Number of protein chains: 2
Amino acid sequence: MDTRRPTIADVAKRAGVSKGLVSFVFNDKPGVAAPTRVRILAAAEELGWQPDPVARSLSTQRAAALGLVVRRDPTVLAADPFFPAFMAGVETALTERRQVLVLSLVPDAAAETATYRSLAAHRRVDGVLLTDLRHDDDRFPLLAELGLPAVCVGRPDVAGAFPVVNLDDAAGLRSAVDHLVGLGHRRIAYVGGDVGMLHGRRRRKSFLEALARHGLDPVGVVDTDFSAAAGARAVVELLAGAVLPTALVFASDPMAVAGLAVLQRQGVQVPRDCSVTGFDGMDLGRHLHPALTTVEADPLAWGRAAATVLLRLLDDGRADDLELPSAALVLRSSTAPPPDPPG
Amino acid sequence: MDTRRPTIADVAKRAGVSKGLVSFVFNDKPGVAAPTRVRILAAAEELGWQPDPVARSLSTQRAAALGLVVRRDPTVLAADPFFPAFMAGVETALTERRQVLVLSLVPDAAAETATYRSLAAHRRVDGVLLTDLRHDDDRFPLLAELGLPAVCVGRPDVAGAFPVVNLDDAAGLRSAVDHLVGLGHRRIAYVGGDVGMLHGRRRRKSFLEALARHGLDPVGVVDTDFSAAAGARAVVELLAGAVLPTALVFASDPMAVAGLAVLQRQGVQVPRDCSVTGFDGMDLGRHLHPALTTVEADPLAWGRAAATVLLRLLDDGRADDLELPSAALVLRSSTAPPPDPPG
DNA sequence: CTGAAAGCGCTTACAG
DNA sequence: CTGAAAGCGCTTACAG
């Protein structure tokens with residue numbers, strides 16, 4: 001019994017054709033007579049043969065792999081519900097296409113750059129998914145230099161060399177503000193994320209704009225690094241301010257959870273004395289006391305879409321931008337009318 | 001200007017040697033004269049050449065990639081602090097070795113099997129990291145059939161074909177129980193995880209043994225699937241029982257958080273009326289009110305160790321098991337003496 | 001200690 | 001519509 005795995009030559013011999021023909025069939029090239037095609041497919045099937053991606057890579061110069069380089073502190077990453085779902089979505093798109101996801105978790109900017117360089121130099125991936133887009137993002141010039149195709153997960157702030165798969169945060173934040181104002185809140189504060197990241201920056205802007213549309217100014221705005229610790233500190237700071245907010249809008253769920261704890265610790269009851277909204281739809285939020293009102297997106301769909309668009313870019317040399325359904329407010333029990341409604 | 005990337009032939013020509021010699025130098029084979037070696041290295045350096053992993057793979061039949069297939073619901077995965085840190089640890093071990101991590105997130109058993117088969121059939125990875133070990137784990141026969149090397153992250157329940165990198169949970173659980181008993185608790189209940197998973201099963205056993213050493217029986221034991229929702233349900237169930245626990249030991253932090261909320265919702269104050277301990281060291285736990293007493297391991301070190309051992313196995317054909325420092329109890333504020341100490 | 005050559009398993013012009 | 005051959009960029013016996 002031959003334990004050696006079959007090669008294209010075995011299939012060719014069995015089908016009574018040349019290797020080239022077999023290759024043509026498996027690459028959907030035109031010009032193979034239907035009966036021949038059937039014979040070849042049957043031979044491959046019988047032998048259990050599939051093209052070897054490594055050999056194919058050497059010929060085609062394509063890796064059949066997509067890269068995702070995540071530069072985040074593992075602790076912050078662990079608290080974030082986005083990535084696992086996003087990756088699962090990427091996965092669903094890749095599997096059908098016999099592609100693979102190469103993941104790299106890096107601690108800092110230097111490691112990030114080194115990783116992209118290494119991925120490109122060794123052609124380990126054909127393209128990359130760009131998440132956590134930053135203001136003046138140095139990955140754009142880097143990828144241009146490396147000639148590595150990419151898609152932007154979220155809208156970049158520069159005219160793009162790369163296709164964009166966007167999911168609008170603003171609408172969700174607007175609903176959160178509208179909801180609070182509708183409840184009667186006038187003294188609303190915001191605990192934002194990392195403004196070096198575009199989504200952090202945009203959520204902040206969306207909050208301020210939404211508030212302004214009601215003719216309101218924020219009672220306080222604190223920028224953070226998205227960590228729970230920073231969220232907690234921000235609340236301490238806001239509570240020490242001159243005018244106490246009756247509602248707190250957070251740019252992420254982990255911060256909202258930590259903020260909630262600070263409020264409770266200081267004897268502020270949520271939502272009776274102060275309302276709280278989060279952002280991200282962390283599963284744990286629904287199991288808190290009180291359950292967290294938050295803004296939820298669909299990161300799984302986002303991941304699938306981003307991978308699909310990147311694959312399209314690689315195949316066709318171009319791909320259209322894609323706009324996904326917006327993030328939406330999920331009402332739970334951390335919001336209520338303010339303690340002393342005006343009027 | 002030549003934009004074509006250099007190949008081994010270019011390096012050989014520049015150094016005035018054959019391609020074989022260059023290859024020997026870059027694969028640390030003996031038998032290259034020192035001066036020649038230096039000349040070759042210099043030529044490669046000047047040209048900025050490094051061996052192309054794809055071409056190398058085709059010759060060596062090694063992928064220079066390790067696989068991690070995670071079969072978990074994205075929601076449960078998102079709540080778990082283990083994986084991001086574990087992967088970051090894997091990363092640190094791989095980078096130095098010019099290896100890459102191929103990650104696959106799969107929803108169910110069928111997809112899991114298909115993924116391992118595909119990874120093996122296409123030689124996309126040289127070996128895999130086995131996490132979330134299960135009782136009677138079907139991955140062992142599968143990997144044996146596929147001839148895919150692996151290392152076990154945690155101790156399997158069968159005599160192993162694969163090296164084991166273990167981190168003992170039992171000690172941490174024991175400290176949690178000892179701590180509670182030392183505080184005066186006698187009515188302790190346990191909210192466990194998925195007993196289909198070995199760590200779920202072992203934590204349960206460790207809890208029961210630790211309790212038995214104090215001559216105590218649990219007031220209740222509930223198995224779950226490790227999800228926050230199940231943790232919440234378990235607490236509802238325990239609170240409806242005949243004898244109320246004064247302390248709850250949870251097999252994971254997300255369950256502990258959800259359980260905490262249920263207690264609070266039912267007017268049970270933590271830790272005054274009931275103490276709570278978690279498991280895993282989720283960062284958010286430290287920012288809760290009350291901050292969660294938990295059992296913490298070092299998943300980053302675990303990831304690095306597991307990858308290192310797998311690489312050793314691939315290089316040498318064998319590798320010794322490795323035992324890491326045990327998980328340890330981290331005291332915070334969710335534990336206190338029981339409301340009515342006996343005696 | 002070194003060189004020339006075959007081979008890894010594909011793809012893709014090129015010729016017929 | 002089909003075949004023979006070169007080439008992708010390495011590694012590794014084999015011969016000297």
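Numbered from 1 within each chain, the chains take letters A, B, ... in sequence-line order. Here the structure is a predicted model, which means the values were calculated and not measured.
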[X] (side chain) donor-acceptor with [Y] (main chain) under 3.5 angstrom:
X: A:D321; Y: A:P163; answer: no
X: B:T115; Y: B:A111; answer: yes
X: A:N166; Y: A:E323; answer: no
X: A:R5; Y: B:A121; answer: yes

Partner nucleotide, any strand, of C:dC14 [Watson-Crick/G-U, under 3.5 Å] |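 Pair assignment: C:dC14 / D:dG3.
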By nearest atom, which of the nucleotides [options] is closest to the [X] side chain?
X: B:D52; options: D:dT2, C:dT11, D:dG9; answer: D:dG9
X: B:K29; options: D:dT12, C:dG9, D:dG9; answer: D:dT12
X: B:V32; options: D:dC10, C:dG9, C:dT2; answer: C:dT2
X: A:T36; options: D:dC10, D:dT2, D:dC8; answer: D:dT2

Which whole-number value in Å describes the distance from [X] [atom1] to [N] [atom2]?
X: B:K13; N: C:dA4; atom1: NZ; atom2: P; result: 14 Å
X: A:R39; N: D:dT2; atom1: CZ; atom2: P; result: 8 Å
X: B:L58; N: D:dT12; atom1: CG; atom2: C1'; result: 13 Å
X: B:D10; N: D:dC8; atom1: CG; atom2: P; result: 11 Å
X: B:R56; N: C:dG9; atom1: CZ; atom2: C1'; result: 19 Å
X: A:R37; N: D:dT2; atom1: CZ; atom2: P; result: 12 Å
X: B:R62; N: D:dC10; atom1: CZ; atom2: P; result: 18 Å

Return the orientation label for the A:F83 and A:F86 ring planes: parallel under 30°, perpendicular over 60°, tilted otherwise.
->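 Judged by the thresholds at 30° and 60°, the geometry between A:F83 and A:F86 is perpendicular.
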Contact under 4.0 Å: A:Q61 side-chain N or O vs D:dG9 OP1/OP2 | yes
Does a nitrogen or oxygen in the side chain of B:W49 sit under 4.0 Å from OP1 or OP2 of D:dC10?
-> yes
Going by heavy atoms closer than 4.0 Å, what residues in residues 16-27 of chain A are next to DNA chain C?
->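 Within this stretch, A:K19, A:G20, A:S23, A:F24, A:N27 sit under 4.0 Å of the strand.
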Can you find a heavy atom in the side chain of A:V128 that is under 4.5 Å from one in the side chain of A:L310?
-> no
Is B:D157 paired with B:R155 through a side-chain N to carboxylate O contact shorter than 4.0 Å?
-> no
